Participant: 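Handing you this structure, nothing more for now.
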Amino acid sequence: MRNTSVEIAGVKFKNPVMTASGTFGSGMEYSDFVDLNKLGAVVTKGVANVPWEGNPVPRVTEVYGGMLNAIGLQNPGVEVFAERDLRFLDKYDTRVIVNVCGKSVEDYLEVVERLGDEKRVDMLEINVSCPNVKEGAIAFGQNKDALFDITKRIKEKAKQPIIMKLSPNVTSISEMAKAAEAAGADAISLINTITGMKIDIHKRKFALANKTGGLSGPAIKPVAVRMVYEAAHAVNIPIIGMGGIANGSDAIEFIMAGATAVAVGAMNFHDPYATEKVVEEIESYMERYDVSDINSLRGIVE
Amino acid sequence: MRNTSVEIAGVKFKNPVMTASGTFGSGMEYSDFVDLNKLGAVVTKGVANVPWEGNPVPRVTEVYGGMLNAIGLQNPGVEVFAERDLRFLDKYDTRVIVNVCGKSVEDYLEVVERLGDEKRVDMLEINVSCPNVKEGAIAFGQNKDALFDITKRIKEKAKQPIIMKLSPNVTSISEMAKAAEAAGADAISLINTITGMKIDIHKRKFALANKTGGLSGPAIKPVAVRMVYEAAHAVNIPIIGMGGIANGSDAIEFIMAGATAVAVGAMNFHDPYATEKVVEEIESYMERYDVSDINSLRGIVE
Amino acid sequence: MAKKQKLQAKVLSQRILAEGIYDMWLETPLAKDVCPGQFVGVFPTNKSTLLPRPISICEVNEERTAIRLVYRVVGSGTAEFTFYQPGDYIMILGILGNGFPVKEAAGKKAVVMGGGIGVPPLLETAKSLSSLEEKAATVSAVMGYRNKETFLSDEFEKCSNLYIATEDGSIGTKGNVIDAMNEMNIDCDVIFACGPMPMLKAIKTYAAAKGIKAYISLEERMACGVGACLGCVCKTKNVDDHSHVKNARICTDGPVFDADDIDI
Amino acid sequence: MAKKQKLQAKVLSQRILAEGIYDMWLETPLAKDVCPGQFVGVFPTNKSTLLPRPISICEVNEERTAIRLVYRVVGSGTAEFTFYQPGDYIMILGILGNGFPVKEAAGKKAVVMGGGIGVPPLLETAKSLSSLEEKAATVSAVMGYRNKETFLSDEFEKCSNLYIATEDGSIGTKGNVIDAMNEMNIDCDVIFACGPMPMLKAIKTYAAAKGIKAYISLEERMACGVGACLGCVCKTKNVDDHSHVKNARICTDGPVFDADDIDI
Ligand SMILES: Cc1cc2nc3c(=O)[nH]c(=O)nc-3n(C[C@H](O)[C@H](O)[C@H](O)COP(=O)(O)OP(=O)(O)OC[C@H]3O[C@@H](n4cnc5c(N)ncnc54)[C@H](O)[C@@H]3O)c2cc1C
Ligand SMILES: Cc1cc2nc3c(=O)[nH]c(=O)nc-3n(C[C@H](O)[C@H](O)[C@H](O)COP(=O)(O)OP(=O)(O)OC[C@H]3O[C@@H](n4cnc5c(N)ncnc54)[C@H](O)[C@@H]3O)c2cc1C
Ligand SMILES: Cc1cc2nc3c(=O)[nH]c(=O)nc-3n(C[C@H](O)[C@H](O)[C@H](O)COP(=O)(O)O)c2cc1C
Ligand SMILES: Cc1cc2nc3c(=O)[nH]c(=O)nc-3n(C[C@H](O)[C@H](O)[C@H](O)COP(=O)(O)O)c2cc1C
Ligand code: FES
Ligand code: FES
């Protein structure tokens, strides 16, 4: 029996394959396609203390090998989320990681406290890297002192282990990773989207109402792999790697770069079966090369 | 007669289409495919004060919608370059921009001084953003004080106008652009490649001997357009935009984002006719939308 | 509701309907459960483009084994689709969206109103209206075109009273679909509409003024097509169940909305 | 040297030669100027992959209107190539590289030595050696395969004295090409070789020891294929003309080098 299970901050996942926040709702929308019980974890769309409207449309646009999005973290607020989305997830035997967003440290803390006693929540992923909201959010993710501070304050209050989700829009991902670790983060996840822009030259307008959007999909994979590698060499806490993962080979690439787990994002839109397929393809790889424990592949390329 | 000519720091280009440094040699290798006289400028491969060996192979690898390279600025040194490459370019009626690299400020200055009296050199592009050499280079391009300092010192010595070529591997491209402008740069060019990595999961090795390499090609275009837009709103000096340009539409997109000129890089490898085609397709766009002066499109999408 | 799937569909036929407008039949088991006004996502094979193209279902064959897509070439995806030949396979995602509540027209005077590339989904709608268990009293179709290059109008004639409006007046009423409604004095209790935003706005205003129920189908840029990404929202008048911020998802909560419920 | 071009080529035929090894003829005007040992870049149409795949020219037809490519499926590009049917068009870039200096074999005992997917370019080389104005005295071919799944060997037999080495000894000499040279006592003044690096190293050593001239064809990851990107270099013994840093470009200064000049 080959072992695909991994552990992060004491939480055990049946396999290293998660959904990337914001690309999978709370799982409901993809449950026609994927057996959620087969996934390592469902990572939910970012949730704030109060409902957020998000940005005006168009919010998404396609680019070569990927897409730009500027959803702007639309969400129904933590109350509705807890009562509806978490209750939906009660039915499933998979880990649940809740992605948390906010405009101020207090916003984040409110969500973290509200979810503290929710048994269904295994971990919290703190999104300090969304490029699509004007206040807060990414500012925390682009300055190492701000990141240290918010991480520390959330860690003090959080009852579940916390994952800091880092922005790739920085000069040094290692520094950011170190700041998160130093402040007590239990894990880090990366990368969030890279800020991009598309102009419709015929209409002479931005393709997105928000002007800029976050780039995701296969186009960003090499950047993501590099950052996971750099972060893995900078810190000792576990890393959840993502950015353009489409299949098992991509997932293995992230694991070899140093990730403990991986997440599938934009490629769910191309292939709604992607997450489950990644699980299966990781198993095939292990079969083919007789790998008995997925953990033995982590960071083996140095 | 529609005007496609643009001016940067007093230098007039017959059209805004240039070659991206390092992807076109000094033009010789592509002269079978393209009439160099039809281009706005030939931007040559980076040249240092002395010959550089570059990195071990493999130096290039393909990724989704682009490639990674870690050439490591192999070059024959400025002497050979001046005697051979510039003499080759003497035959052509196009502008010549020489890309300059170095490991220390002194290295750069030596090249700049050696080329000072070369009439064939219209401008110098200072590469402070190559991610593939360990010393110098990108360090200057990732710290705004270092960038300010090197720009100032080069500007003092340069007889030709200087273009500072910026790295996208920074938290804020606006800050970098402002530092270059404040130090006296005549123009800026961006983006250089984004640092990436690829792992061969079957061989369990890095795809590049250098481990990391620079990502270029269509995959990075949205990031490049965004950075050109941000830089254009941060500074008043002209911008040469590049990153994934494959056709006239891409070029127009950069111009609408604020670029005065554009460069075609990795897509030369996919389509050796690309540069000339971009020139023609820009003209067709101007025809179709009755644009009488290419300069009128610059930055029109705000 | 039928389970959504991504699966191969076999191209049965493809032809040009009008300049730049193509008509393709696809064999697919998804046909079984289609409601008029629903759509599928069609995936280009070109790997630079990864997102599905939302295309409405124009018609379902009688055996419910195939669907018909009528699409306009506007970009790289639709351009690729034109190359498909009978026997080729393409990937589709469906069935997506809610569809028109045709049953509400039972016994009523129903009008389907379409413009431009909003015309196709109304064909299946018009056909359904006249074949419901409890049929609509009358089924009229009011279609707006730019000029006499109309398409599908012969087929609307077979299942509805057809009225045409053209921008240049070359056929039917000169003007838009509302002009045709007024000029032709078309009786109407309920409207099913799809087309460009200015047309939909005019219909909403017209329906509100006349106290007529109007169901309109909206369009927006989409990524997932299944309600997960929140890319494709429209403003709603009231807080909706899903978003709690007056943002309904066109791909899942729509594309068809009661005109009274949305803010356009 | 003929002008390099990127142009469409028409697939004339395609067949399987051995497991995972395909044989494709392309009609192209580039055929006119081919030297044995040169190669073309073949572009996949899959837009996620933009770089040309370097593939050696295995043969040129008598009329010099078509080239033959023999390739092994190793990744997405070569996998795509297998789908091409006669009549399809594909984009190629060529003619690339220098080729073997076959004329140097005039009057001499020439041996072509190949292994694995290095075998194909040696077919045109062997044919040339025996049809030069001033022919080689003898043309031998020493080919290394893994097992008895050999390919092209029947064709080498027609234009050379063929010797085979197999790793498992199932045909010919058990061992590698050098083992075959020794076992079969093959007379040799000049070697033209292409194959995996360990084989090329062994040949270089063998030739140096025997004082034989050896020309070997190298392989490296390429981007441009035309000498511009400096991606595909190999170490040279002396400072070369182009780089001035002992780094020759395999795509342009090679792929064929005098074994004495390179550092492998
Ligand atoms: C619910 C719905 C139903 C539709 N039904 C039809 C139909 O029956 N027939 C038809 O011809 N068209 C229909 N459209 C529009 C159709 O989706 C676009 O024309 C098509 O996606 C364009 O793809 P492209 O690759 O050719 O264009 P590109 O411009 O190359 O596409 C780039 C991206 O933009 C998206 N996009 C471009 N235009 C639109 C648009 N108008 N709406 C939504 N996304 C767009 C594409 O899906 C793709 O992701 C419908 C749209 C929606 C939302
Ligand atoms: C001068 C030269 C001549 C060659 N001649 C032949 C031949 O006649 N027959 C044959 O089967 N193969 C030949 N090869 C090897 C052939 O180029 C590769 O097998 C092919 O590029 C693999 O492409 P892929 O898309 O299937 O593999 P992928 O692994 O998907 O390709 C990814 C990238 O790596 C490059 N790549 C992968 N393997 C190699 C390799 N071994 N050498 C160079 N680039 C590689 C590809 O070109 C592409 O850019 C030759 C290589 C060189 C350099
Ligand atoms: C439509 C969309 C919405 C997203 N929403 C969130 C979010 O709410 N919170 C978050 O941390 N990341 C969000 N992301 C980022 C993804 O979780 C992921 O980090 C990124 O897309 C890179 O992975 P990918 O290339 O696999 O998509 C979103 C991405 C997309 C495409
Ligand atoms: C093979 C290769 C070599 C390069 N060499 C240089 C160089 O010598 N100096 C430099 O400033 N940029 C160099 N670049 C960066 C390009 O000039 C350009 O900034 C980058 O590739 C983005 O453009 P593209 O996506 O069109 O290739 C190189 C890029 C490639 C792909
Ligand atoms: S397209 Fe994703 S929610 Fe509608
Ligand atoms: S592949 Fe570019 S120099 Fe050889």
Side-chain angles (χ1 to χ4, degrees), chain A residues 61 63-68 131 142-143 167-173 176 194-207 211-215 217-230 244 246 248-257 285 288-289 297 300-302, chain B residues 61 63-68 131 142-143 167-173 176 194-207 211-215 217-230 244 246 248-257 285 288-289 297 300-302:
Chain A
T61 191
V63 296
Y64 208 111
M67 60 176 285
L68 295 174
Q142 288 189 315
N143 175 305
S167 170
N169 301 294
V170 296
T171 306
S172 166
I173 197 75
M176 301 305 289
I194 308 181
T195 311
M197 175 181 281
K198 179 172 155 186
I199 293 172
D200 182 327
I201 64 164
H202 301 290
K203 300 196 184 132
R204 302 189 180 187
K205 289 206 308 189
F206 296 102
K211 298 185 186 179
T212 59
L215 178 63
I220 67 170
K221 200 187 73 176
V223 178
V225 171
R226 184 262 298 181
M227 289 192 166
V228 164
Y229 178 86
E230 285 181 1
S249 301
D250 295 338
I252 301 277
E253 192 177 355
F254 276 87
I255 291 169
M256 289 188 172
Y285 180 92
R288 173 167 172 194
Y289 290 102
L297 295 177
I300 59 162
V301 178
E302 310 234 20
Chain B
T61 191
V63 295
Y64 208 112
M67 59 177 286
L68 294 174
Q142 289 189 313
N143 174 306
S167 169
N169 301 295
V170 295
T171 306
S172 166
I173 198 73
M176 302 304 288
I194 308 181
T195 310
M197 174 181 281
K198 180 173 154 184
I199 292 171
D200 183 326
I201 64 165
H202 303 289
K203 301 197 184 129
R204 301 189 181 187
K205 288 205 311 188
F206 297 102
K211 298 186 186 180
T212 59
L215 177 62
I220 67 170
K221 200 186 73 174
V223 179
V225 171
R226 185 262 298 182
M227 289 193 166
V228 164
Y229 177 86
E230 285 181 1
S249 300
D250 294 339
I252 300 278
E253 192 177 354
F254 277 86
I255 291 170
M256 288 187 172
Y285 180 92
R288 174 168 171 194
Y289 291 101
L297 295 178
I300 58 162
V301 179
E302 309 232 21

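Chain identifiers are assigned alphabetically (A, B, ...) following the order of the sequence lines, protein sequences preceding nucleic acid strands; residue numbering begins at 1 within each chain. The structure displayed is predicted, hence computed values, not measured ones.
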Participant: Is Lys205(B) close to chain A through its backbone or its side chain, or both, or neither, when contacts mean heavy atoms under 4.5 Å?
Facilitator: backbone
Participant: I'd like to know which of Pro168(B), Ala224(B), Ala219(B) tops the heavy-atom pair count under 4.5 Å against chain A.
Facilitator: Ala219(B)
Participant: Give, for atom CD of Glu253(B) and atom NZ of Lys198(A), the distance between the pair rounded to the nearest 0.5 Å.
Facilitator: 7.5 Å
Participant: Between Tyr285(B) and chain A, which part of the residue has a heavy atom less than 4.5 Å away: side chain, backbone, both or neither?
Facilitator: side chain
Participant: Using only atom types and a distance under 3.5 Å, with no angle test, would you say the side chain of Thr171(B) pairs donor to acceptor with the backbone of Gln142(A)?
Facilitator: no
Participant: Enter the distance from Ile173(A):CD1 to Asn169(B):CG here, rounded to the nearest 0.5 Å.
Facilitator: 11.5 Å
Participant: So do the side chains of Arg204(B) and Ile300(A) get within less than 4.5 Å of each other, counting heavy atoms only?
Facilitator: yes
Participant: Sort out for me which of Gly217(A), Gly65(A), Pro218(A) touches chain B most, counting heavy-atom pairs under 4.5 Å.
Facilitator: Pro218(A)
Participant: Of the backbone (N, CA, C, O) and the side chain (C-beta and beyond), which part of Leu297(B) lies under 4.5 Å from a heavy atom of chain A, both, or neither?
Facilitator: side chain
Participant: Examine whether an atom of Leu215(B) lies under 4.5 Å from a heavy atom of chain A, and if so say whether it belongs to the side chain, the backbone or both; otherwise answer neither.
Facilitator: side chain
Participant: Any chance you could measure Tyr64(B), atom OH, to Ile220(A), atom CD1, to the nearest 0.5 Å?
Facilitator: 13.0 Å
Participant: Which bit of Val63(B) comes within less than 4.5 Å of chain A, counting heavy atoms only: side chain, backbone, both or neither?
Facilitator: side chain
Participant: Among Lys221(B), Glu302(B), His202(B), Arg288(B), who wins on heavy-atom pairs under 4.5 Å with chain A?
Facilitator: His202(B)
Participant: Kindly indicate whether the side chain of Val225(A), heavy atoms from C-beta on, has any atom under 4.5 Å from the side chain of Ile199(B).
Facilitator: yes
Participant: In Å and rounded to the nearest 0.5 Å, what is the CZ to NZ distance from Arg226(B) to Lys211(A)?
Facilitator: 14.0 Å
Participant: Between CE of Met256(B) and CD1 of Ile201(A), what distance do you get to the nearest 0.5 Å?
Facilitator: 6.0 Å
Participant: At what distance, to the nearest 0.5 angstrom, does OG of Ser249(B) lie from CG of Asp200(A)?
Facilitator: 10.0 Å
